[in-house]
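First the proteins, then the strands, lettered A, B, ... as listed; each starts at 1.
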Protein chains: 2
Amino acid sequence: MVETKPGTNLLFLRDEDLRQGIELLFFAYRDFTAEGDTILAKQKFGRAHHRVIYFVGQYPGMSVSNLLGILSITKQSLSRVLRQLVDEGYIDQQPGTTDRRQRLLTLTAKGKELEQLLTSEQRARIAAAYKNAGADAVEGFRKVMLGIMEDSARRRFNEDKT
Amino acid sequence: MVETKPGTNLLFLRDEDLRQGIELLFFAYRDFTAEGDTILAKQKFGRAHHRVIYFVGQYPGMSVSNLLGILSITKQSLSRVLRQLVDEGYIDQQPGTTDRRQRLLTLTAKGKELEQLLTSEQRARIAAAYKNAGADAVEGFRKVMLGIMEDSARRRFNEDKT
DNA sequence: AATATATGTCAATATTGCTGACGTATATTC
DNA sequence: GAATATACGTCAGCAATATTGACATATATT
């Protein structure tokens, strides 16, 4: 059991607040992904492609199994999407140096271009929301979001503090 | 352009922070929906059913077009899911009193039971995260989430302040 | 009476996920 | 060196969810 700040009466834990929390997540995520989906549709790709492009872009040289863990999908599901992206020249695969069974993934120039196109709108949306809310609110947002996700995912954010 | 708090240096708007924001949304939403999906799978229903059950539960007597707007899907997509839920006795449809073209939706007892089962885990997850983060953080979380969503969705939350 | 709106439905298609089974290349272990 | 494990890929089949387009019915509105 975690202690709350002194003077806090936990009024924010009413059933109504929890319901609101559920809806905040639903609507924010819905609107956050909507525009990207529209762009993707024009490229004949879907949201799954977006996610792959995004994570390979952020973590160049990541292994397939690593990516599978992040996406929480099966390798068969990833395979189809990855195959398309490799075949169409968005992603490069290279054998790992220490373990040559691995296929390390990186974005090609074409892939980077698409990644930029896709995330620019999302970055702008986040930036606007952050700016509007202010630094303290952003810190609160982070805390709550970290609390919502699983421990395993939370670790990622504690590690890469710059 | 919105003014930020005085003394704020906008360091939280670095590219790295925006990237982190994208990931926070991705992982929090992924984990937030994961367990519900597992329960649903056992009931032969999917996430779409969950969303319908949830919103009809929260806003009893809501019209089909209203629900369509919230879910941002086509009526054909909703139709299949809704048909199943009505046929299997989770949802009741009644003609609107003022406009009899409408089919107003409400949960049956069976529907309410499923709704409870489905959202209880999500409520618990939100509650734990809120408690851990504290009241101030929750307020920041709300601000940022509202900023991320579209104006149209934001209105919903400004209206029903209790 | 003409038109618009709320809802439902049929058909065809795409994306994304799943399970199960099997194959290849490379590492690790006995 | 042989057996086993791991990383990855792929084929086949299935299910859920979403789409567009077309058309129908009942009721409201003009």
Side-chain angles (χ1 to χ4, degrees), chain A residues 26 29-30 33-34 36-56 61-88 91-106 118, chain B residues 26 29-30 33-34 36-54 56 61-88 91-106:
Chain A
F26 173 77
Y29 195 79
R30 183 195 69 172
T33 53
D37 289 356
T38 306
I39 296 173
L40 263 305
K42 287 173 194 157
Q43 317 265 337
K44 295 283 184 178
F45 288 147
R47 197 181 294 179
H49 300 82
H50 185 169
R51 292 195 285 250
V52 171
I53 290 273
Y54 173 79
F55 282 110
V56 173
M62 110 185 304
S63 72
V64 172
S65 62
N66 200 340
L67 184 54
L68 281 176
I70 285 180
L71 299 179
S72 285
I73 58 176
T74 61
K75 65 173 177 174
Q76 294 93 326
S77 296
L78 175 59
S79 172
R80 226 176 347 202
V81 170
L82 196 51
R83 186 103 308 277
Q84 281 180 274
L85 291 171
V86 169
D87 286 350
E88 299 185 28
I91 286 183
D92 262 347
Q93 288 179 310
Q94 286 180 351
T97 47
T98 62
D99 185 339
R100 286 191 306 173
R101 292 172 303 181
Q102 296 181 323
R103 307 293 165 85
L104 305 185
L105 308 169
T106 48
L118 289 174
Chain B
F26 173 75
Y29 195 78
R30 184 195 67 173
T33 53
D37 289 355
T38 307
I39 296 172
L40 263 304
K42 287 173 195 158
Q43 316 267 337
K44 294 284 184 176
F45 288 146
R47 196 182 295 179
H49 300 83
H50 185 169
R51 292 195 285 249
V52 172
I53 290 273
Y54 173 80
V56 173
M62 114 184 302
S63 72
V64 172
S65 62
N66 200 338
L67 184 54
L68 280 175
I70 285 180
L71 299 178
S72 287
I73 58 175
T74 60
K75 64 174 177 174
Q76 293 94 325
S77 296
L78 175 59
S79 172
R80 217 177 356 195
V81 171
L82 196 51
R83 185 103 309 279
Q84 281 179 275
L85 290 172
V86 169
D87 286 350
E88 298 185 29
I91 286 183
D92 262 346
Q93 288 179 311
Q94 287 180 351
T97 47
T98 62
D99 185 338
R100 288 192 305 174
R101 291 172 304 180
Q102 295 181 324
R103 306 293 165 84
L104 304 186
L105 308 170
T106 49

R30(B) side-chain N/O to I70(A) backbone N/O, donor-acceptor pair under 3.5 Å
yes

note: K75(B), atom NZ; dG21(D), atom C1'; distance rounded to Å ~ 11 Å

In this structure, NZ of K75(A) is separated from OG of S65(A) (nearest 0.5 Å) by 11.0 Å

Rounded to whole Å, CG of D99(A) lies from P of dC8(D) at a distance of 8 Å

Between I73(A) and R100(A), the residue closer to the 5' end of DNA chain C by nearest nucleotide is I73(A)

Comparing nearest nucleotides in DNA chain C, the 5'-proximal residue of the pair T98(A), L71(A) is L71(A)

Open item on the list: Can you tell me whether the side chain of R80(B) and the base of dA18(D) have a donor-acceptor pair closer than 3.5 Å?
Closed with: yes

Using a heavy-atom cut-off of under 4.0 Å over every strand shown, decide if R47(A) touches base, sugar-phosphate, or nothing. sugar-phosphate

Between S79(A) and S72(B), the residue closer to the 5' end of DNA chain D by nearest nucleotide is S79(A)

To the nearest angstrom, the CG-P distance between L78(A) and dT15(C) comes to 16 Å

Rounded to whole Å, the CD-C1' distance (Q94(B) to dA26(D)) equals 18 Å

> Which is true for Q84(A) with a 4.0 Å heavy-atom rule: it touches a base, it touches only sugar-phosphate, or it touches nothing?
Replying inline: nothing

Under 4.0 Å between a side-chain N or O of S65(A) and OP1 or OP2 of dC8(D)? yes

*Donor-acceptor pair present, Q76(A) side chain and dG9(D) base, under 3.5 Å*: no

If we ignore hydrogens and angles and just use 3.5 Å, is the side chain of S72(B) paired with the main-chain N or O of L68(B) as donor and acceptor? no

Atom CZ of R101(B) and atom P of dT3(C) are separated, to the nearest Å, by 17 Å

query = Between dG8(C) and Q93(B), is there an OP1 or OP2 to side-chain N/O distance shorter than 4.0 Å?
reply = yes

Of the listed dA18(D), dT16(C), dA27(C), the closest approach to the V81(A) side chain comes from dT16(C)

| said: Are L71(B) and F26(A) packed together at the side-chain level, in the sense that at least one heavy-atom pair is separated by less than 4.5 angstrom? | reply: yes

Rounded to whole Å, the NE2-C1' distance (H50(B) to dA16(D)) equals 16 Å

Think R83(A) has a side-chain N or O under 4.0 angstrom from the OP1 or OP2 of dT10(D)? yes

Rounded to whole Å, NE2 of H49(B) lies from P of dA16(D) at a distance of 8 Å

ask   = Can you check whether V86(B) reaches Q93(B) side chain to side chain, under 4.5 Å on heavy atoms?
value = yes

Separation of dA7(D) atom C1' from M62(A) atom CE, nearest Å, is 15 Å

5'-most contact on DNA chain D (nearest-nucleotide basis), T74(B) vs V64(A), goes to V64(A)

What contact category does S77(A) fall into here, base, sugar-phosphate, or nothing, at under 4.0 angstrom with non-hydrogen atoms? base

Exercise. Between the main-chain N or O of I73(B) and the side-chain N or O of S77(B), is there a donor-acceptor pair closer than 3.5 Å?
Worked result: no

| said: Please confirm whether the shortest side-chain N or O distance from R51(B) to OP1 or OP2 of dA18(D) is below 4.0 Å. | reply: yes

Side-chain contact check for Q102(B): nearest option of dG9(D), dC18(C), dT7(C) is dT7(C)

